[in-house]
Amino acid sequence: MDTLQLPDEFFPTPHNSDGKPRKIVIAYDHSESSDATFAKGIRQGLIMPQDELHIVHIADQSKDWSYIFGSLISGGNARSCSTPTDTLSQARTLAESLLAELRMVLIRNGFKDVHIDSLVGDPKQSIIDCCIALKPNFLICSSRGLGNVKGAVLGSVSSYLIKNCPCPVMVVKLTDEELRERKELESIKNDRFVHVLDCLQNK
């Protein structure tokens, strides 16, 4: 299946550092705020190229898949896309394709050790279980989610993670300006999302 083929500049070039590598879990839900959080973490040196990164997407098993990915369908230039089926296998394949391309962007930009996981379950407990298993130095999540991304790992879940996660939780606050700066890149992502979705549905 075709990939998103995102440009290298979708994420910033990381700072150079000879520091000790850390293990970091990043809660990711495919929203604009999630991408902006990732970019800000790299730009401010919170995420370094020598770190072991675990990008984790948890889809709420109680939610319709088209609702979870709705922000990508309605955002940017993705206006002609049909509603995705809520078939579990197709939705998981789509999520994995998106995550795989983000991983490739990071590797092309100098990151060495990037892992991706697309899971189904209760977002709150699944992230905590993931942190228990991986024992990261810390977890990164956004202070907000955008659009129609409901039941994903960010936004209202962050306060629960702060109280219950076994590792330190870094909640990244985003400004409106930081979100506006990513509009062009998010439009590219939305266009590629439509292409990948069409390929998946036409198989």
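Put simply, the side chain of F111 reaches to within 4.5 Å of the side chain of I42, judged on heavy atoms. Considering only heavy atoms from C-beta on, E32 stays 4.5 Å or farther from R180 through its side chain. Between V172 and I140, the closest side-chain pair of non-hydrogen atoms falls below 4.5 Å. A 4.5 Å side-chain heavy-atom check between E96 and I116 finds every atom pair outside the cut-off. Counting heavy atoms from C-beta on, the side chains of P21 and E52 never come closer than 4.5 Å. With a 4.5 Å cut-off on side-chain heavy atoms, L99 and I55 count as touching.
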May I have the step-by-step check of salt bridge (Lys or Arg N to Asp or Glu O under 4.0 Å) for E101 and R108, ending in yes or no? CA-CA 11 Å; E101 182 57 25; R108 293 196 298 268; 3.6 Å; yes
Would you please test H115 and D117 for side-chain hydrogen bond (donor to acceptor under 3.5 Å, both in side chains) and show each step? CA-CA 7 Å; H115 307 262; D117 289 292; over 6 Å; no
Could you go step by step and tell me if I162 and V171 meet the side-chain contact (heavy atoms from CB on, under 4.5 Å) rule? CA-CA 8 Å; I162 291 171; V171 180; 3.6 Å; yes
Stepwise, does the side-chain contact (heavy atoms from CB on, under 4.5 Å) test hold for Y160 with I128? CA-CA 10 Å; Y160 182 88; I128 289 174; 3.4 Å; yes
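Exactly one of L139, L134, L53 qualifies for a side-chain contact (heavy atoms from CB on, under 4.5 Å) with I24. That residue is L53.
One finds the CD1 atom of I188 at 14.0 Å from the NZ atom of K183 (value rounded to the nearest 0.5 Å). Taking CZ of F138 as the start and CD1 of I26 as the end, the distance is 8.0 Å to the nearest 0.5 Å. Separation of atoms CE (M170) and OG (S158) is listed at 14.0 Å; rounding is to 0.5 Å.
Here the closest non-hydrogen pair linking C131 and C167 is SG-SG, 3.9 Å. The nearest pair of heavy atoms linking L179 to S33 is CD2-CA, 3.9 Å. Considering every non-hydrogen atom in both L161 and K124, the closest pair reads CD2-O, 3.9 Å.
With D51 contributing its side chain and M48 its backbone, the two residues share a donor-acceptor pair below 3.5 Å. A donor-acceptor distance shorter than 3.5 angstrom exists from the side chain of S126 to the backbone of D122, with no hydrogens or angles considered. Side chain of E178 to main chain of T175: a donor-acceptor pair is present (N/O by atom type, distance under 3.5 Å, no hydrogens or angles). The backbone N or O of S142 lies less than 3.5 Å from no partner atom in the side chain of K173, so there is not a single donor-acceptor pair. A donor-acceptor pair under 3.5 Å is absent between the side-chain atoms of T37 and the main chain of C141, judged by distance alone. Formation of a donor-acceptor pair under 3.5 Å by the N137 side chain with backbone atoms of K23 is found in this model.
Between F38 and Y28, the ring planes are perpendicular. Angles over 60° get that label, and only those under 30° would be called parallel.
Checked for salt-bridge contact, E181 and R43 miss the test: no charged N lies under 4.0 Å from a carboxylate O.
In this structure, E184 places its CD atom where only 12 or fewer heavy-atom neighbours from other residues, nucleotides or ligands lie under 6.0 Å away.
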